[in-house]
Amino acid sequence: MASFPLAIRLPKFQPRLALKGLAIATAGVGIVIVLAYIWVLQFSPLALLHRSTQSPEILRLAPRQSVMAAALDVPLTDLERLQRYLTPLSKRRAVHQRWQRWLAADGNGPLSDFLSATQLDFGQDIQPWLGEESLIAIATLAPEQPDYFVALATDDVDRSNVMLNLLWRQQYLQQQASQIELYKGVQLLTVPVADRRWVVGALGDRYTIFATGGDVARAAIDSWQVDELSLASTGDFRTALSTIETPQLGMVYLNLSAHDSALNLWDLSLDTWGAVSSTPTWIGIGLDGDRLAPVLAAVGER
């Protein structure tokens, strides 16, 4: 049988088509890079590192006589994500567990005993309505039992009202319905917890506050309604803001001149970054790895 060589015809090289394909591929890669860049800056945890400098408005709730106030202008859940993202893989689980302990009813956070007594769960009853801002302010600094309050921005007022109604129902069933006070238009519910009397209330649709006593809650409301009573109206705060040049996640105020600078509360050291001067100190905070770190320190008179 005779054999014939197999003839293969190659397509003729067309420079225009090749250049067109290369241009399309280059444009596609460029679009992917741009979209990735936008995602990193806007939607990924790293977006927190590029946010514009601003002052958390929630600081208006902190009275001038506060010993310490720490305000964050980022959602707590996003801050945890960023800390885990910036932490080596082998330690990310530990970062998550530390956050869980801080927010749990059986943990070591500022709301732990309240959550435990009321059988509320942070993840189910608070996180669904949680907004961007949060604040812890200490009114008196006693190592055994400091007086303080926690304020959380409300992003979904309907869900926050569900939590408040649940607390009211608990008190009603325990014949504690009379422990409701209307103070300057804000309804405050008293919830007995161990040897404390926690007070919970909603400032319109903006914030929900949890205070360790009626006086502490009323002082926060006064500060919100009268600017001159708030830490955010002090001259040293305005000075601190004017010197900020880098993005920040929040602000910390410390006035430790009359207190033990080595005191620790809720795993937070009040002598953080060596702020132990005899005058009030403002510190802007950012992130360094998985730890909060200062981006500004300003000292001034009240």
Side-chain angles (χ1 to χ4, degrees), residues 53-76 79 109-111 114 130-142 145-154 183-184 186 188 198-204 206-242 244 248-259 263 265-266 268-273 275 277 279-285 292 294 296-302:
T53 300
Q54 55 186 310
S55 166
E57 190 175 3
I58 200 171
L59 267 172
R60 287 177 51 197
L61 281 165
R64 281 193 175 216
Q65 64 270 25
S66 300
V67 174
M68 187 273 277
L72 288 174
D73 194 32
V74 297
L76 293 175
L79 183 57
L111 289 178
F114 174 81
L130 198 58
E132 289 196 354
E133 296 177 301
S134 56
L135 169 71
I136 298 176
I138 298 178
T140 60
L141 194 54
Q145 199 173 61
D147 287 318
Y148 62 94
F149 74 91
V150 175
L152 302 173
T154 304
Y183 181 74
K184 294 186 176 180
V186 180
L188 299 174
W198 280 79
V199 174
V200 185
L203 274 67
R206 294 291 302 277
Y207 301 110
T208 301
I209 60 173
F210 306 80
T212 58
D215 290 342
V216 179
R218 287 187 286 272
I221 295 170
D222 289 342
S223 299
W224 175 256
Q225 296 185 351
V226 183
D227 289 340
E228 290 77 10
L229 300 178
S230 171
L231 273 177
S233 68
T234 58
D236 54 308
F237 176 67
R238 291 191 293 270
T239 299
L241 285 182
S242 67
I244 295 176
Q248 64 168 357
L249 304 179
M251 296 287 287
V252 173
Y253 169 82
L254 298 171
N255 185 16
L256 303 176
S257 56
H259 305 281
L263 182 66
L265 293 172
W266 317 301
L268 298 175
S269 176
L270 297 188
D271 67 344
T272 303
W273 315 307
S277 64
T279 55
T281 303
W282 283 98
I283 300 173
I285 52 177
L292 293 174
L296 159 77
V299 179
E301 297 295 336
R302 277 178 146 171

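Keep in mind the model is a prediction, meaning the values are calculated, not measured.
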Starting at [atom1] of [X], measure out to [atom2] of [Y] and round the result to the nearest 0.5 Å.
X	Y	atom1	atom2	result
Asp222	Ser230	CG	OG	11.0 Å
Thr234	Glu228	OG1	CD	12.0 Å
Ile209	Leu188	CD1	CG	6.0 Å
Leu231	Phe237	CG	CZ	8.5 Å
Leu254	Met68	CG	CE	7.0 Å
Glu133	Leu72	CD	CG	10.0 Å

I'd like to check the side-chain hydrogen bond (donor to acceptor under 3.5 Å, both in side chains) partners of [X]; sequence neighbours left out, ordered by chain and number.
X	value
Asp215	Arg218
Thr154	Thr208
Ser223	none

Quick check: closest heavy atoms across [X] and [Y], and the distance to 0.1 Å?
X	Y	answer
Ala139	Val67	O-CG2, 3.6 Å
Ile138	Pro146	CG2-CB, 4.4 Å
Pro63	Ala220	CG-N, 4.3 Å
Ala69	Leu135	CB-CD1, 4.3 Å
Asp73	Pro56	CB-CG, 3.9 Å

Worksheet item: Would you say Leu130 and Leu76 make side-chain contact, with heavy atoms under 4.5 Å?
Response: yes
Worksheet item: Under the side chain to side chain contact (heavy atoms under 4.5 Å, CB included) criterion, do Asn255 and Ser66 qualify, and how do the steps go?
Response: CA-CA 8 Å; Asn255 185 16; Ser66 300; over 6 Å; no
Fill in: Side-chain donor-acceptor contact under 3.5 Å, Ser233 with Arg60
no
Worksheet entry | Sub-6.0 Å ring centroid separation between Phe149 and Phe210 | no
Worksheet item: Sub-3.5 Å donor-acceptor pair from the side chain of Tyr148 to the main-chain atoms of Pro110, do we have one?
Response: yes
Item to complete: Output, in order, the C-alpha distance, side-chain angles, deciding distance and verdict of side chain to side chain contact (heavy atoms under 4.5 Å, CB included) for Tyr207 and Leu152.
Response: CA-CA 5 Å; Tyr207 301 110; Leu152 302 173; over 6 Å; no
Worksheet item: So Trp198 and Phe114, would you call those rings parallel, tilted or perpendicular, with 30° and 60° as cut-offs?
Response: tilted
Worksheet item: Going through the checks in order, is the side chain to side chain contact (heavy atoms under 4.5 Å, CB included) test met by Lys184 and Trp224?
Response: CA-CA 11 Å; Lys184 294 186 176 180; Trp224 175 256; over 6 Å; no
